Each structure stands twice: as structure tokens, then as C-alpha cells.
Number of protein chains: 2
Amino acid sequence: MTLNILFASHTDRWSAYEPHLRRALDGYGLSYSLSTKAPPEDVDYIVYAPNSDVQDFTPYTKCKAVLNLWAGVESVVNNETLTQPLCRMVDHGLTQGMVDWVTGHVMRHHLNVDLWITAQDGDWRAGLVPPLSSDRIVTILGMGALGSACASALKSIGFQVRGWSRRPKVMDTIDCYVGQDGLDAALSGAHMVVLLLPDTPQTNNVLNASTLNKLAQGAVVINPGRGPLIDDDALIAALDRDHLHHATLDVFRTEPLPKDHPFWSHPKITVTPHIASETRPSTAAQVIADNIYRCATGQKLLHLVDRTAGY
Amino acid sequence: MTLNILFASHTDRWSAYEPHLRRALDGYGLSYSLSTKAPPEDVDYIVYAPNSDVQDFTPYTKCKAVLNLWAGVESVVNNETLTQPLCRMVDHGLTQGMVDWVTGHVMRHHLNVDLWITAQDGDWRAGLVPPLSSDRIVTILGMGALGSACASALKSIGFQVRGWSRRPKVMDTIDCYVGQDGLDAALSGAHMVVLLLPDTPQTNNVLNASTLNKLAQGAVVINPGRGPLIDDDALIAALDRDHLHHATLDVFRTEPLPKDHPFWSHPKITVTPHIASETRPSTAAQVIADNIYRCATGQKLLHLVDRTAGY
């Protein structure tokens, strides 16, 4: 029996993904047809990007799973036509890229690299040795695949690392917090906070005037997660009154960030264009093929989205 | 019997070290006298900074050990009046600081942070996602306490890490090289090189026109070790012909680096004022007290300098 697999994404992704998907599916010895067009009633699996043309899942009557190409599912999870199982992307390339980006920007702020890049005026500023990472608290909000990998890397460098998540989590050498009381405790006195939560109604504005106030004076906010996690006005106010030292933001409520948005010109904000990490076709294709093989052989799907939790 | 301990360093260090040294020595229950002045013939131990007034060790006839406060010993190791055992400083605060600095600058170059700090002009530069750390080779020259700690941290983030040292070294998951052939192999195709070798006649100009040529096109040089490890003219030439992308230098043949030195104004060089790491009084005092206690109770001194090897 041939499996009909529909690749539903922007057309420019097809050339990037096709060879990797075929290689991974061939590796399982599956009989399949893979294409960007197929009669909906014939499709067994949809490899899916939320910005694709497929927005009505109703005609895909025999579809066994929708396999998301993106780590974030907020733009598909509330689609009421979607009754099939939905899987998140958990790609080790994406995870590695996020570890790199988060570690890099944590270290940048820890060492005050911005100062040194510009202080090339011949003035020997002796004595400006930074504190040790072991004297700094980094709090990670969101301890899924990305958050816990970042927590491990930062811990292995030397930081004091706290993690906060909705579901209780246990990790060696990381102080894990849960719930609203846990949120206050996790943020209290932290020198940096990294946002890696999913975008859900519960996480909207998780960083607001009140929670920002819990951070240590001079703290740094790093957001490679999702734009709506931050109350933008409260962030700017906290920067302007010097409670916060800096914010480095990779994600925004509107992307691309409009040219006239105050984030661009704020001297204490670094904007990066949603580049913290991305799914890599070579590693992501294997994750997709793994799940198709599992489902086709009667095993449980991996990385299933909890539709009521929203991630 | 009271141990006479002379603290021989710049006077401003005395107030920083005295309370920590007393606390650490008291912790061992030793009977001691600790001061910045003592008749040389009475001194049992010298806590020593190479820039102190003590340059002639001849009158210290009953001195059992000279305990260096600095990690580097090049300015004392060739002092012919020094016949007493000499110990290096191996301070975990110094090591942690070096791991922080090296990791931070490796990540800075890996992510091209310099670009993002300045690219705040409202232009959404989508698609400039950096490669993964697992696709980058970082070579560390010098695998002592500092080099091997940096190697471990970079490996735990995700980099391919190579180490090179004079003495053969074995480390899990790090490719270790030794000798001249090993040097060429360690540098060949590396994307970054970090210098953490001691300053000895053998390591002088270890990075020169020939060895710089082994690095990958667009490589980055990071020197938190010692200035004489690099042939300065060869470095500038390699940057100017675009074989190298950047050099970040914390140490120099002359420090402070003279205002008119070409490193300051070179667009591809970042100068930092010997701040990569420093000995921390709280942790270093414990290392000193440990060694005094060991020697006083007939145990072997730790971190003994091999005077013929020069470190």
C-alpha cells in the first residue's frame, strides 16, 4: 500500500525539503508518493507549514496526521477544521541553533561585549573584569525541548540557572519552578531572563510591569520565543527607568517588525529578524519520516500537540 | 612553630587578599604570621606577584616555596636567584572567568553579534541564520587547566573542538593533538583558534604566516593567553588579505597596548585590556593556604612549575 504524503508549505521550501524527505523515507523502505498536490481525499499525511495554502482540513478525510514543519503551532492549533492529530517539530538542528543563539546573547550581555566592540579608541580600560557566570542567575521561562537544552548549556558554562514551566519538570542542577508562585520565585533577583514559552492565551504578556519588577536591577531580557510573551509598553518603560539594562528581541507581535516601531531606535534594545533558530531540512526531514513510519506501523506519534493546552 | 608568610605584591593587593588569606589559613588551624614585611632569613613562604619589590630571592634562605598569585610565571621562571620551589596559581575563579570570556567571544564571532548590534536601522534582514555550532571547528592551543576547561564548555554547547598541547593529553570527545605535525593538523581547516599556551621560547610566534595559513578561509583568532604567541605582522597581513575574518586580542607584547599601535585602529581587530580573566582573592587565597598546609605537613606541593619547561 502506497502512502500519499502531501507537502503543504511555501513553494520555495519544496526544493529544500524534497531530497531530504525522500532520503529519510527511503531509509525506512516505505512505499510512498510525495508531492505538493494531491486529491485531498487520497492524502494519508500532511507535512505542514502554517503559512501554506491548506487552511481547511475538512476534505482530508483519511489523513492520519498533520506533521508541522515549525516548532510553533499557535497559527494552526485553533483551526477548527483540523480534527486529525497534530505533531510539533522537535528538530535537533533547531534545538542546537537555539542553544547557540541563547548562549551567545547571554554571554554577550554577561561580558558586556557591546562596550568592547566600540571601545577601540586607544584607551586601555584596565580593571573592567566582569563578574563570574557563577555569580549570575539566568531564568528560562519555558522548559520544553528548547528551554531545557539552553538550561543545560548555560549550566555547563557556569551560570546559576532557573527554569519555569507550566508542567512540573525535574532537571539535575537546574532549579525548576512551576505555577504563578513559582513564576515570581523564578524571576526574583534574576540577572537575565530568556523566553522560550509557547504562545498561548496563558502565556500572553507573561513579562509585564509586575513580573519585570521581580528581576534584579540592571537585568537583561532575551526573547527568542514569541512576540506576545512580552507587554511591549511595560518593557520600554522598565528600560527607560533603568530597571532593565537591555533587551534583545528576535520575535515580535508583528513580523517583519514595522520600520517605525520604537524597538528599532531604542538604545537599549537589539532587534534581530527572527533568526534565533530555524528548522533545518536535513534534520527535520528525518523527524517527519520517523513519525510517518511510526504511524504506518501502528506505533504512537511523537511530539503530539495537546490541543486544549495549545502546544 | 609559627610559619612566617611574606605577602610580596603591589600594596593595593594586600587589602584585597589579607582577609581571605587569614580566613583560609585559620581554617587549617595553622599558627602563622602574615605580613608585607619580614626579615628575609625568617620567611618560610612567599605569596608572590612577579611585579613586587622582591626580585632577589637569595636572602630568603629558609623559604620552602614561592607561591605565585598569577597564572603566568614567565616573568619569574628565569630568575636565577630563585632556587626555591615555585608554584603556579590554579584558581577556579580564574578558570571560570576564562571559560566565560572565551565562550563569549567564540559565540560572538559564531553568531556575528557585531553585525546585529549595529544593524538597528529598521531593515529586517531575514534569512541570515548562522550555521550550527556543530558545523564549526574551534581549536584550542594549550590544554592546561584553562584550555581544557574552555574545551569542555565549547564542546557542551555543540562545537567540534580540537586541543593541542606540548604534553600528550586525553579528553573525552575532544580531538587532542601534540607536536609540530599535530599543530598543523589541529589548525588545518579550523574556523576559530583560541590561544591559551604559556609564554615560553617554544611558543613564541606559534601563530605565524605559515600556521595562520592552515586555518579555514574566514577564520577568527582569539588570544586571551599571552602576547608573544602571535607574530603581529603576520596577523595583520592575514587579516588584510581577507584570509582571516577577525582577531580579538586581550594580551599584547607591550601592555598597556600603546595608543598608536595599529591593532587599535584595525577594523578587523578587537582589543580588550587584559581583562579576559583575573585571579580572584577569595578563591586564590584558598589555593595558597592549601599549598602552605600541604608543605607544612610534609605533603607534595601542588601546581609545581617545571623550571626547564618554563611553566
Side-chain angles (χ1 to χ4, degrees), chain A residues 92-93 96-97 99-101 103-108 110-111 113-114 116-136 152-153 155-159 248 255-261 263-267 269-278 280 283, chain B residues 92-93 96-97 99-101 103-108 110-111 113-114 116-136 152-153 155-159 248 255-261 263-267 269-278 280 283:
Chain A
H92 76 80
Q96 177 67 67
V99 167
D100 290 359
W101 194 88
T103 304
H105 283 279
V106 166
M107 294 313 299
R108 167 192 159 209
H110 172 54
L111 298 180
V113 163
D114 298 28
W116 298 111
I117 289 175
T118 51
Q120 297 297 307
D121 53 3
D123 186 5
W124 184 262
R125 295 168 174 80
L128 286 182
V129 176
L132 296 178
S133 56
S134 47
D135 295 328
R136 303 256 204 188
S152 294
K155 184 71 197 180
S156 73
I157 293 168
F159 290 94
T248 290
E255 293 183 10
L257 186 68
K259 265 194 185 313
D260 59 352
H261 195 285
F263 285 171
W264 279 115
S265 55
H266 200 288
I269 294 179
T270 304
V271 171
T272 59
H274 204 141
I275 52 149
S277 194
E278 66 174 11
R280 317 265 161 171
T283 46
Chain B
H92 76 79
Q96 177 68 66
V99 167
D100 290 359
W101 194 88
T103 304
H105 284 280
V106 166
M107 294 313 300
R108 167 193 160 208
H110 172 54
L111 298 180
V113 162
D114 298 29
W116 297 111
I117 290 175
T118 52
Q120 298 297 306
D121 53 3
D123 186 6
W124 185 262
R125 295 169 174 79
L128 285 182
V129 176
L132 297 178
S133 57
S134 46
D135 295 328
R136 303 255 205 189
S152 294
K155 184 72 198 180
S156 73
I157 293 168
F159 290 95
T248 290
E255 294 182 11
L257 187 68
K259 265 195 183 316
D260 59 353
H261 195 285
F263 285 171
W264 279 116
S265 54
H266 199 288
I269 293 179
T270 304
V271 171
T272 60
H274 203 140
I275 52 149
S277 193
E278 64 174 13
R280 317 266 160 170
T283 46

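Numbers restart at 1 for each chain; the letters A, B, ... are given by sequence-line order, proteins then strands. Not measured: the values here are computed from a predicted model.
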**Complete:** Checking A:Ile157, A:Val106, A:Asp100 against B:Met107 for side chain to side chain contact (heavy atoms under 4.5 Å, CB included), the one that qualifies is A:Asp100
**Asked** Side chain, backbone, both or neither: which part of A:Pro131 has a heavy atom under 4.5 Å from chain B?
**Response** backbone
**Prompt:** Any idea which heavy atoms bring A:Pro256 and B:Trp124 closest together, and the distance?
**Reply:** CB-CG, 3.3 Å
**When A:His274, A:His261, A:Arg280 are compared by non-hydrogen pairs under 4.5 Å with chain B, the top option** = A:Arg280
**Prompt:** Which one, A:Ser152, A:Ala153, A:Ser133, leads in non-hydrogen pairs under 4.5 Å with chain B?
**Reply:** A:Ser133
**B:Leu132 vs A:His92, side-chain contact (heavy atoms from CB on, under 4.5 Å): CA-CA, chis, key distance, verdict** = CA-CA 11 Å; B:Leu132 297 178; A:His92 76 80; over 6 Å; no
**Asked** At their closest point, which heavy atom of B:Ser156 faces which heavy atom of A:Ser156, and how far apart are they?
**Response** OG-OG, 2.6 Å
**Asked** Hey, what do you get for CG (B:Asp114) to CG (A:Asp114), rounding to the nearest 0.5 Å?
**Response** 9.0 Å
**Fill in**
Most contact-rich option vs chain A, by heavy-atom pairs under 4.5 angstrom, among B:Leu257, B:Thr103, B:Val99, B:Thr118, is B:Leu257
**Message:** Report which part of A:Ala119 has an atom under 4.5 Å of a heavy atom belonging to chain B: side chain, backbone, both, or neither.
**Reply:** backbone
**Request:** Please state whether the side chain, the backbone, both or neither of A:Leu111 comes within less than 4.5 Å of a heavy atom of chain B.
**Result:** side chain
**Item:** Contacting region of A:His110 [heavy-atom separation from chain B under 4.5 Å]
**Value:** side chain
**Message:** Are the side chains of A:Thr270 and B:Val113 in contact, using a 4.5 Å heavy-atom criterion?
**Reply:** no
**Message:** Can you tell me which residue among B:Ile275, B:Val271, B:Thr248 is in a side chain to side chain contact (heavy atoms under 4.5 Å, CB included) with A:Trp116?
**Reply:** B:Ile275
**Complete:** Distance col, row A:Thr272:OG1 vs B:Gln120:CD, nearest 0.5 angstrom, shows 8.5 Å
**Asked** Do A:Asp135 and B:Gln96 pass the side-chain contact (heavy atoms from CB on, under 4.5 Å) test, and can you show the C-alpha distance, the side-chain angles, and the key distance before you say yes or no?
**Response** CA-CA 11 Å; A:Asp135 295 328; B:Gln96 177 68 66; over 6 Å; no
